[in-house]
Colleague: 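Structure in structure tokens, see below.
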Amino acid sequence: MTNRIQPRTLKGFRDLLPEPMIAREHLVNVAKRVYESYGFSPIDTPALEYTEILLGKGGAESDKQLYRFEDNGGRDVALRFDLTVPFARFAAQHVGVLGIPFKRYHVGPVWRGENTQRGRYREFLQFDFDTIGTTDITADIETVLVVHDLFDALDVGEFTIRINDRRILNGLLEQLTLLDASAAVLRALDKLPKVGAEAVHGELVESAGAPSDVADQILEFASLRGTNDEILDTLEGLVSASSVGERGVVALGDVVRGVRAAGVAESRVAIDVSIARGLDYYTGTILETFLTDLPDIGSVCSGGRYDDLAGLYTSQRLPGIGASLGVDRLLAALDELELIDRRTTPAEVLVVYFDAERRNDYVALARRLRSAGRSVELYPEPRKLGAQLKYADRRGHRVAVIVGTNEWAESTAQIKDLATGQSETVPLGDLEAALAQRLTGNS
RNA sequence: GUGGCCGUAGCUCAGCUCGGUUAGAGCGCCUGGUUGUGGUCCAGGAGGUCGCGGGUUCAAAUCCCGUCGGCCACCCCA
């Protein structure tokens, strides 16, 4: 009695109440629909893996912030920190039956023991899709289209997919004999929008060992502005001495033109040669997605092309491309932008329980409406009408169905629209049809 | 992980600098305004281990230490 355990959750781990959960489910459902419309198939993998699977042989654990421990059988195990590495293992293990090319989507929580911040948690949901087994640029084009269609369908305001090709910067660095420092250069460039050109210049000189004039060239390159076509033109000249760089420019051009040909507005897909993607396994196309109204929260969907997904686990070469939707970060952004639906009920209809003598009739009525395809909540006890309407209003039911003593006697029902306050009375037998008419178009 | 700021009712916060009467406000919640219509209005009411633990003190929400949690920066990234 006195020694109660304090209810609490771990740092970076959260409970989700109905309101954010309904919003999250919506995001996931839309993403699922879009991914499936492109032919991606669902898969799942365990949350827990052998540590060596996640870390590889080198075991560069430091930056992965792994949740790692010994399981009950003494195995060295860890929680996955993304969905890509488990997919690599999965692909290596199952290519035989899957065949290639193979397209999958995968939604699930991942864990990283890093410090929390706005939109950054220790347990968060990712929703990935990947196409493996092809190096054709078509997959790159469609990957961008998937991301585009996803955010278009999500209805989250304007957004920009920034795209780039890893080889372009590498080509430039090759020309500048700075290729060895490419990781440091990428890291510095990633900060450009945040800290500005001057600071990045400093970091290029200090961390990447670039001479000052070379740092200037890199910055000039990273600051390229203009239409996609203009940037492509400029890039061709800039990396002409590097075959890798040239291939990158060609590929980027193919992606841009392919996406354009598919009818996507130019404003939504922008070449940005400064985006780098920290992950070093990307080798070609890379992309990041930013919300126009809240760019500070960072990329909400990122991805890119890799030459060899599963080289750690199999000799079969599995090139591919994919992207990861940061569901929880996106949710945090939507919350800040006040774009989250305030409803806390999935039911569109509340059946008011008013006449205590008619319990079984109410239960039957609610069930009848459910068979007609409606989601229906029956208020669980007879109570003052006002209280029930207030309940419905707060929860976000769209309509209340009121059948009281008078209605039962006349075999009618009142449908009250909670948003407008207006109501209409219909014959009980026509209730399904009347509701269908009022609720069509809404989900 | 390192550093900074913060933690008081369901929510947003005041009080803490200069320790001391029953810890306050707004919003929200509940009840009522003669019993079948919510979101406005009026009246009343419930609700707080002052994050948690320890220390200093006659006395701590107020000072000190630790811890847990949140935010921010670094880092990394979704």
Side-chain angles (χ1 to χ4, degrees), chain A residues 2-15 17 27 31 60-66 81-84 107-128 147 183 186-188 190-191 194-195 199 203 207 275-280 282 287-291 296-303 323-333 336 342 350 352-356 379 382-397 399-409 414-423 425:
Chain A
T2 47
N3 280 333
R4 287 244 171 72
I5 297 166
Q6 190 184 15
R8 55 182 186 157
T9 53
L10 287 161
K11 179 185 179 72
F13 289 69
R14 304 158 309 142
D15 289 325
L17 275 61
L27 297 184
E61 182 173 0
S62 52
D63 56 329
K64 306 288 192 196
Q65 314 280 20
L66 262 198
F81 53 84
D82 69 11
L83 297 177
T84 304
V107 60
V110 302
W111 296 267
R112 296 181 195 172
E114 64 184 345
N115 254 338
T116 53
Q117 244 172 86
R118 174 179 68 152
R120 305 177 60 163
Y121 314 101
R122 289 186 163 179
E123 177 183 61
F124 58 97
L125 200 68
Q126 289 199 322
F127 200 166
D128 286 27
V147 175
L186 287 172
R187 228 174 295 126
D190 234 8
K191 295 176 192 159
K194 236 176 184 175
V195 300
E203 186 169 336
S207 305
I275 69 155
R277 299 275 56 241
L279 301 177
D280 40 356
Y282 289 126
L287 66 92
E288 303 202 326
T289 312
F290 293 86
L291 300 180
D296 292 348
I297 204 155
S299 172
V300 287
C301 184
S302 309
S324 177
L325 172 68
V327 177
D328 284 319
R329 175 175 292 185
L330 180 57
L331 203 58
E336 251 182 80
R342 294 284 158 219
L350 179 79
V352 170
Y353 183 175
F354 194 66
D355 183 344
Y379 198 84
R383 224 184 143 192
K384 270 180 52 178
L385 183 52
Q388 295 190 49
L389 289 176
K390 192 170 180 179
Y391 173 88
D393 184 53
R394 171 137 8 103
R395 292 290 144 94
H397 296 91
V399 301
V401 167
I402 303 167
V403 189
T405 318
N406 304 339
E407 284 84 356
W408 285 123
Q414 188 185 144
I415 301 173
K416 187 178 179 74
D417 185 307
L418 273 317
T420 66
Q422 292 174 335
S423 59
T425 301

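For the numbers below, each heavy atom of this structure counts, side chains included, while hydrogens, waters and symmetry mates do not. In this text the structure is predicted, and so the values were computed from the model without any measurement.
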Colleague: Would you kindly give the CZ-to-P distance between A:Arg329 and B:C76, to the nearest whole Å?
Modeller: 14 Å
Colleague: May I ask you to verify if any side-chain N or O of A:Ser302 is less than 4.0 angstrom from the OP1 or OP2 atom of B:C77?
Modeller: no
Colleague: May I ask you to verify if any side-chain N or O of A:Arg118 is less than 4.0 angstrom from the OP1 or OP2 atom of B:C72?
Modeller: yes
Colleague: Measuring to OP1 and OP2 of B:C71, would you say a side-chain N or O of A:Arg120 lies under 4.0 angstrom away?
Modeller: no
Colleague: Starting at CZ of A:Arg383, measure out to CG of A:Leu389 and round the result to the nearest 0.5 Å.
Modeller: 11.5 Å
Colleague: At under 4.0 Å between heavy atoms, which parts of nucleotides 31-37 of chain B does protein reach? Answer with one letter per nucleotide, 5' to 3': B base, S sugar-phosphate only, - none.
Modeller: SS---BB
Colleague: Give A:Leu418 one of three labels, base, sugar-phosphate or nothing, depending on what nucleic acid heavy atoms sit under 4.0 Å from its own.
Modeller: base
Colleague: Give, for atom CG of A:Asp355 and atom CH2 of A:Trp408, the distance between the pair rounded to the nearest 0.5 Å.
Modeller: 8.5 Å
Colleague: Identify whether any heavy atom of A:Tyr391 sits under 4.0 Å from a base atom; if not, whether one sits that close to sugar-phosphate; answer base, sugar-phosphate or nothing.
Modeller: nothing
Colleague: Is a side-chain N or O of A:Lys416 found less than 3.5 angstrom from the main chain of A:Gln422, in a donor-acceptor match?
Modeller: no
Colleague: Please state the C1' separation for the pair B:G28 and B:C75 - nearest whole angstrom.
Modeller: 40 Å
Colleague: Examine the base of B:A78 for any acceptor or donor lying under 3.5 Å from a partner atom in the side chain of A:Glu288, and report the outcome as yes or no.
Modeller: no
Colleague: Using a heavy-atom cut-off of 4.0 Å across all strands, would you classify A:Asp355 as base, sugar-phosphate, or nothing?
Modeller: nothing
Colleague: Using atom C1' of each nucleotide, how far apart are B:G48 and B:C13 to the nearest Å?
Modeller: 14 Å
Colleague: Given B:G69, B:C68, B:C77, identify the nucleotide with an atom nearest to the side chain of A:Arg112.
Modeller: B:C77
Colleague: Considering just the side-chain nitrogens and oxygens of A:Gln117, establish if one lies under 4.0 Å of OP1 or OP2 belonging to B:A73.
Modeller: yes
Colleague: Using Watson-Crick and G-U wobble pairs whose two distances are both under 3.5 Å, how do you write the pairing of RNA chain B as dot-bracket, with | for links to another strand?
Modeller: (((((((..((((......[...)))).(((((.......))))).....(((((..]....))))))))))))....
Colleague: For a quick check of understanding: with a heavy-atom distance under 4.0 Å over all strands, which category does A:Asn115 fall into, base, sugar-phosphate or nothing?
Modeller: base
Colleague: Would you kindly give the CZ-to-C1' distance between A:Arg394 and B:C27, to the nearest whole Å?
Modeller: 13 Å
Colleague: Using side-chain heavy atoms (C-beta onward) and a distance below 4.5 Å, is A:Phe354 in contact with A:Val403?
Modeller: no
Colleague: Reading RNA chain B from 5' onward, which residue's closest nucleotide shows up sooner: A:Arg122 or A:Ala392?
Modeller: A:Arg122
Colleague: Under 4.0 Å between any heavy atoms, over every strand shown, what does A:Ala419 touch: base, sugar-phosphate, or nothing? Just pick one.
Modeller: base
